[in-house]
Amino acid sequence: MAPWEILLLLLLGIHQLQCGTVTAWETTCSGAVPARQRAETISITEFGAVGDGRTLNTWPFRKAIYRIEHLRRRGGTTLYVPPGVWLTGSFNLTSHMTLFLARGSVIKATRDAWNWPLMDPLPSYGRGREFPGGRYKSLIHGNGIRDVIITGENGTIDGQGDVWWNMWRQRSLRFTRPHLLEFMHSRNIIISNVVFRNSPFWNIHPVYCSNVVIKSVTILAPHDSPNTDGIDPDSSSNVCIEDSYISTGDDLVAIKSGWDEYGIAYGRPSSGITIRRVTGSSPFAGIAIGSENSGGVSNVLVEDINIFNTGIGIHIKTNTGRGGYIRNITFLDVRMNTVRKGLRIAGDVGDHPDNKFNPNAVPVVNGVTIRNVWGVNVQQPGSIEGIKNSPFSQICLSNVKFWGVGKQYMSWKCMHVSGATSGVEPWPCAELARFPASGLCSNAL
Ligand SMILES: *[C@@H]1O[C@H](CO)[C@@H](O)[C@H](O)[C@H]1NC(C)=O
Ligand SMILES: *[C@@H]1O[C@H](CO)[C@@H](O)[C@H](O)[C@H]1NC(C)=O
Ligand SMILES: *[C@@H]1O[C@H](CO)[C@@H](O)[C@H](O)[C@H]1NC(C)=O
């Protein structure tokens, strides 16, 4: 053995000891944001909060956070939420704080939707996602802040979304529903060991953010709850999502970057997104990119994913009018059990903010590698349907195997696409060459 080999073994051995395991070689991106210990802890009860599930605690939360913001203790402050049910309206976080939810604590949204605060639409969307005009502020909101941690002992943030879902079903909403948690223009954020439940709309929405770690979270909403996406990184960079369980009524994770002409004008991409060791179930997509991709989406790594009872396992979706691009996307080691469709890459998905979108603004989809996908009980294997004026290119599939329920569905559908495949079953389509003979995708093996 060469000296460098011995050194390597020693280093690896030390690493194993530190991790307390001899078998798992877990890679992680969560170190991207340092987990700070705070110098000071205050409890929400010091601000008059009552955890009886009936008292409205919006002012205690706002006062506590005002105190953290203005006293500015060196090293920051932890706001401790003890066991109990803490009913509240929307409140804003501030920099250098940790929101700590103890075991048995529930931060519960008020059902008073009528007095919910409104805010401006996002510039990259031009309007609320659901309705023209403004949108409701998220239950927990951060704008222009940094060094924020939301963590604890798996306490719950409960959106009581059924009030909002019913308004959506009855068509009585006037503005876009609130997210459960939204960060805008913020950086160095950690969200870990928290349960998110029954969000009115998307659960976790980092937008115009960088350095965001979301780890060991559980996100739950009924499968029939409308648009309760799990995590939507939007026009954000360096986002790490790991070790989480998500079961909701819409896409588990959907990477976005703004909507048609507004997203193109704002021009803020999503890039450097890692999604690893996520398990979940949804009537829509497991892991999605788009359909709002107008600022561009690139450098995405999705790996070691388990998807069950889901509509579409992997869904890359865009539309004419979006512009932007989707490139350098890698999916590795995805297991599926009972899905309607294994893989869909499509250029005709989603609606437009208004009729001012440019029909010539076609998105570019280039460089999608999908390797080691294993699906059982898959009704339809997949489809890759590009856009006529903008064929999807360098689409590389290797070792992708789907076993279906019905033979009549066991064929792929492809058009306006180029790329190559190897070891794909059932055999995909003539549009995609076989590699390595084709020379295409040789670096994707
Ligand atoms: C909370 O943040 C929103 C949006 O960023 C802002 O408009 C509002 O004034 C803030 N509210 C408080 C109480 O600071
Ligand atoms: C919280 O839940 C996660 C995910 O289920 C689990 O890995 C973690 O150990 C739990 N943490 C605590 C402090 O109970
Ligand atoms: C492609 O994305 C990966 C992350 O998935 C990144 O490590 C790599 O540098 C990117 N490649 C290019 C050419 O940007």
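If you read the sequence from its start, that first residue is 1, and numbering goes on from there.
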Q) So, the side chain of Ser257 versus the backbone of Ser235: is there a donor-acceptor pair under 3.5 Å, distance only? A) no

(Q) Between Arg127 and Asp260, does any NZ, NE, NH1 or NH2 come within less than 4.0 Å of an OD or OE carboxylate oxygen? (A) no

Q: Give a yes or no on this: more than 12 heavy atoms of other residues, nucleotides or ligands lie within 6.0 Å of atom NZ of Lys413.
A: no

**Q.** Pair Asp251 + Lys317: basic N to acidic O under 4.0 Å
**A.** yes

**Q.** Aromatic ring proximity, centroids under 6.0 angstrom, Trp86 and Phe61
**A.** no

Q. Do Trp412 and Trp427 have ring centroids that are under 6.0 Å from one another?
A. no

Q | Trace of the salt bridge (Lys or Arg N to Asp or Glu O under 4.0 Å) decision for Arg276 with Glu303 | A | CA-CA 5 Å; Arg276 193 182 273 129; Glu303 115 180 286; 2.8 Å; yes

Q: List the steps, then state whether salt bridge (Lys or Arg N to Asp or Glu O under 4.0 Å) holds for Asp162 with Arg111.
A: CA-CA 9 Å; Asp162 56 329; Arg111 302 178 76 88; 3.0 Å; yes

**Q.** Any side-chain heavy-atom pair of Leu101 and Ile157 under 4.5 Å
**A.** yes

Q | Spacing of Glu425 atom CD and Trp374 atom CH2 [to the nearest 0.5 Å] | A | 9.0 Å

Q. So, Glu261 and Lys356, do they make that salt bridge, N to O below 4.0 Å?
A. no

Q: Give me the ring orientation class for Trp116 and Trp164: parallel if the planes are under 30° apart, tilted from 30 to 60°, perpendicular past 60°.
A: perpendicular

Q) Is it the case that more than 12 heavy atoms not belonging to Arg36 sit under 6.0 Å from its CZ atom? A) no

Q. Is it true that the NZ or CZ of Arg268 lies under 6.0 Å from the centre of Tyr266's six-membered ring and within 45 degrees of the ring axis?
A. no

Q: Examine distances only and state if a side-chain atom of Glu153 and a backbone atom of Arg103 form a donor-acceptor pair shorter than 3.5 Å.
A: yes

**Q.** Salt bridge flag under 4.0 Å for residues Glu292 and Arg129
**A.** yes

**Q.** Backbone N/O of Asp234 and side chain of Ser236: donor-acceptor pair under 3.5 Å
**A.** yes

(Q) I'd like to know if Asp243 pairs up with Arg277 as an ion pair, taking the criterion as any Lys NZ or Arg NE/NH1/NH2 lying under 4.0 Å from an Asp or Glu carboxylate oxygen. (A) yes

Q. Above 12 or not: heavy atoms from other molecules or residues under 6.0 Å from CZ of Arg169?
A. yes

**Q.** Ile287: which of Val300, Ile241, Ile275 passes side chain to side chain contact (heavy atoms under 4.5 Å, CB included)
**A.** Ile275

Q) Applying the side chain to side chain contact (heavy atoms under 4.5 Å, CB included) test to Trp202, which of Asp229, Thr248, Leu180, Asp250 qualifies? A) Asp229

Q. Does CZ in Arg187 sit with more than 12 non-hydrogen atoms of other residues, nucleotides or ligands closer than 6.0 Å?
A. no

Q | Glu182/Arg135 salt bridge by N-O under 4.0 Å criterion | A | yes

Q. So, for Asn203 and Thr228, which heavy atoms are closest and what is the spacing to 0.1 Å?
A. ND2-O, 3.4 Å

Q) Got a donor-acceptor contact below 3.5 angstrom from the Ser282 side chain to the Gly249 backbone? A) no

